[in-house]
Amino acid sequence: MTEDPARTALVRLVRDEGRRVLATLVRQLGDLPLAEDAVQDATLRALETWPRDGVPEQPRAWLTVTARRRAIDLLRREAARPGKEGLAVVPEDPPPPETVRDDLLRLIFVCCHPALAHETQVALALRTLCGLSVAEVGQALLVPEETMAKRLTRARQKIARAAIPYRVPADHELPDRLRGVLATVYLLFTEGYDPVGEVRPTLVDEAVRLTRLLRELMPGEPSVLGLLALELLTDSRREARRDAAGLPVLLADQDRSRWRGELIEEGVRLVGEGLRRSPGRPDPYVVQAAIAACHALAPTWADTDWGAVVSWYDVLLEVQDTPVVRLNRAAALAERDGPAAGLAAVDAVTGLERYPLRHAARAELLDRLGDHAAARAAYDAALALPQDPAQAAQLRRRRDRCDRTGA
């Protein structure tokens, strides 16, 4: 069956640009549910007309205008109902001057309202404004899809009951919302840069763009410096993450000559600035960036300063003690002190029983210790859990290698 180019273009537009269309419309309307309905209707209209008329020269502008017109129609229809007069008022552009001028960034600040719990802020922003599915949001936050769907529904109900306005906060309110904004942008980055899944450059580039805007907005904020450094150091490895066949390449096996030196240089410089600006209690993003710098500055995997990496993880645990951080520290400990020490540390981590990479880490260490049967069982446990298809494919390859080793 031949692929329809107009439909393909629309799918790409909705995935990569739809969040900006929605963000612009929410700014204009001040009503998220209305904006979502209008964008959805405009998308269906495009599916009907683009195959016949061709893809517009500026598809995002076309979608924005069509969605806005649809929103006006919906408002007028509501206004025609008894007792609904005055609903058909649509705010005109441009909005009053504000510190946050980027549509997507301003709407992330809007979603991160202090009346909502931190994780709910992040989930709402990822789902609504960053274009991630409920399943992707759940995976990013280590929450089952069904649980995440209920959480998002409750969040929308709370917003409606409390009449929380969809407006950009005043300048003095921005710092109180920064934690949720940074978490949203970072998870947008990691969703685009899954360690073993498909790299989605548009998500990665958008996250870096938003973080650079945040740095302009808050130039001396250590957490912003740290997040930008972490993103740049990670992004420096983009071209080395896939082999000629398009399969993921682990960090230990990457061709480091393909790493982008200018991003590493900028990232390391930002780490230094972030550490200078947070001398007492280092910011978690700065510490994570320092760990990434240890890898970026090592000429080879064997040259990695694992003592420094473990020490930085110890610092990170003081400011961000999570099961994932403990798992990552265990992996670094295995490189410094051997697989037995690493396995003991992995087994001590709780709360990640449904996290595939915990089982994969156990499998790798068991294989290195020569317990191939237990390693295969651990790989099977990892493969039994929901995960990205590319991640599952890599785990199967590693299990098959374990089978050959233990044969």
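- Note on Arg358 versus Glu353: no salt bridge recorded, every NZ/NE/NH1/NH2 to OD/OE distance being 4.0 Å or above.
- Between Val65 and Arg68, every side-chain heavy-atom pair lies at or beyond the 4.5 Å cut-off.
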Please evaluate residues Glu36 and Arg127 with respect to the criterion salt bridge (charged side-chain N to carboxylate O under 4.0 Å, His left out), reporting the C-alpha separation (whole Å), side-chain torsions for both, the decisive distance (0.1 Å), and the verdict.
CA-CA 11 Å; Glu36 289 179 320; Arg127 176 71 184 105; over 6 Å; no
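- Annotation: Glu48, atom CD; neighbour count of heavy atoms from other residues, nucleotides and ligands within 6.0 Å is above 12.
- Side-chain atoms of Leu251 and Arg237, non-hydrogen and from C-beta on, do get closer than 4.5 Å to each other.
- Other residues, nucleotides and ligands contribute only 12 or fewer heavy atoms inside 6.0 Å of the CD atom of Glu265.
- Shown here is Arg69, whose CZ atom has no more than 12 heavy atoms of other residues, nucleotides or ligands within 6.0 Å.
- A donor-acceptor contact shorter than 3.5 Å links the side chain of Thr304 to the backbone of Trp301.
- Between Arg277 and Glu273 there is a salt bridge, since at least one side-chain N of the basic residue sits less than 4.0 Å from a carboxylate O of the acidic one.
- Going from atom CG of Leu105 over to atom CZ of Arg209 covers 8.0 Å, rounded to the nearest 0.5 Å.
- Using modelled atom types, no side-chain atom of Arg76 and backbone atom of Ala71 make a donor-acceptor pair closer than 3.5 Å.
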Steps toward side-chain hydrogen bond (donor to acceptor under 3.5 Å, both in side chains) verdict (Glu239, Trp259)
CA-CA 7 Å; Glu239 299 304 319; Trp259 291 2; over 6 Å; no
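- The CZ atom of Arg362 lies 5.5 Å from the CG atom of Leu343; values are rounded to the nearest 0.5 Å.
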Please step through side-chain contact (heavy atoms from CB on, under 4.5 Å) for the pair Ser223 and Val286, ending with a clear verdict.
CA-CA 7 Å; Ser223 57; Val286 175; over 6 Å; no
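- Residues Glu266 and Arg260 are not paired through a salt bridge, judged by the lack of any N-O separation under 4.0 Å between the basic side chain and the carboxylate.
- Annotation: salt bridge (charged side-chain N to carboxylate O under 4.0 Å, His left out) contacts involving residues 279-303, sequence neighbours excluded, are absent.
- Gly274 and Ser278 make their closest contact through O-OG, 2.8 Å (heavy atoms, listed as atom of the first residue, atom of the second, distance).
- Scanning both residues, Met148 and Gly138, for their nearest heavy atoms gives CG-N, 4.0 Å.
- When all heavy atoms are compared, the tightest approach of Leu25 to Ala38 is CD2-CB, 3.8 Å.
- Side-chain atoms of Lys158 do not come within 3.5 Å of backbone N or O of Thr153 as any donor-acceptor pair.
- The closest side-chain heavy-atom distance from Gln121 to His113 is not below 4.5 Å.
- When side chains are defined from C-beta on, Leu34 counts as touching Leu74, because their heavy atoms get closer than 4.5 Å.
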Apply the test salt bridge (charged side-chain N to carboxylate O under 4.0 Å, His left out) to residues Arg212 and Glu216: give CA-CA distance (whole Å), side-chain angles for both, the deciding distance (0.1 Å), then the verdict.
CA-CA 6 Å; Arg212 289 193 184 279; Glu216 294 176 9; over 6 Å; no
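- Counting only heavy atoms from C-beta outward, the side chains of Leu214 and Phe109 approach each other to under 4.5 Å.
- Closest approach of Ala334 and Arg368 over heavy atoms only: O-NH2, 3.9 Å.
- For residues 221-236, the set of pairs meeting the salt bridge (charged side-chain N to carboxylate O under 4.0 Å, His left out) definition, not counting sequence neighbours, comprises Asp235-Arg238.
- Within the 4.5 Å cutoff, no side-chain heavy atoms of Glu191 are placed close to those of Val137.
- Trp62 and Ala42 get closest at one heavy-atom pair: CZ3-O, 3.9 Å.
- Once rounded to the nearest 0.5 Å, the distance linking CG of Leu210 with CG of Leu228 reads 11.5 Å.
- The six-membered or imidazole ring of His295 lies near that of Trp306, with a centre-to-centre distance under 6.0 Å.
- Leu233 has its side chain within reach of Val268: a pair of non-hydrogen atoms, C-beta onward, lies under 4.5 Å apart.
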Output, in order, the C-alpha distance, side-chain angles, deciding distance and verdict of side-chain contact (heavy atoms from CB on, under 4.5 Å) for Val309 and Asp305.
CA-CA 6 Å; Val309 173; Asp305 187 344; 5.7 Å; no
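- From Ile264, atom CD1 reaches atom CZ of Arg269 across 13.0 Å, with rounding to the nearest 0.5 Å.
- Side-chain atoms of Thr147 do not come within 3.5 Å of backbone N or O of Val143 as any donor-acceptor pair.
- In Glu57, the CD atom is not crowded: 12 or fewer heavy atoms of neighbouring residues, nucleotides or ligands sit closer than 6.0 Å.
- If you take CZ on Arg329 and CZ on Arg336, they are separated by 6.5 Å, rounding to the nearest 0.5 Å.
- Between Asp367 and the choices Arg398, His372, Arg376, Arg399, the side-chain hydrogen bond (donor to acceptor under 3.5 Å, both in side chains) rule is met once, by His372.
- Here CD of Gln394 is found 5.5 Å from CZ of Arg397. Values are rounded to the nearest 0.5 Å.
- Taking each heavy atom of Ala149 and Val134 in turn, the nearest pair found is N-CG1, 3.8 Å.
- Among residues at least two apart or in separate chains, side-chain hydrogen bond (donor to acceptor under 3.5 Å, both in side chains) pairs with a member in residues 316-328 are Asp321-Arg326.
- Between Leu327 and Tyr355 there is a side-chain heavy-atom pair separated by less than 4.5 Å.
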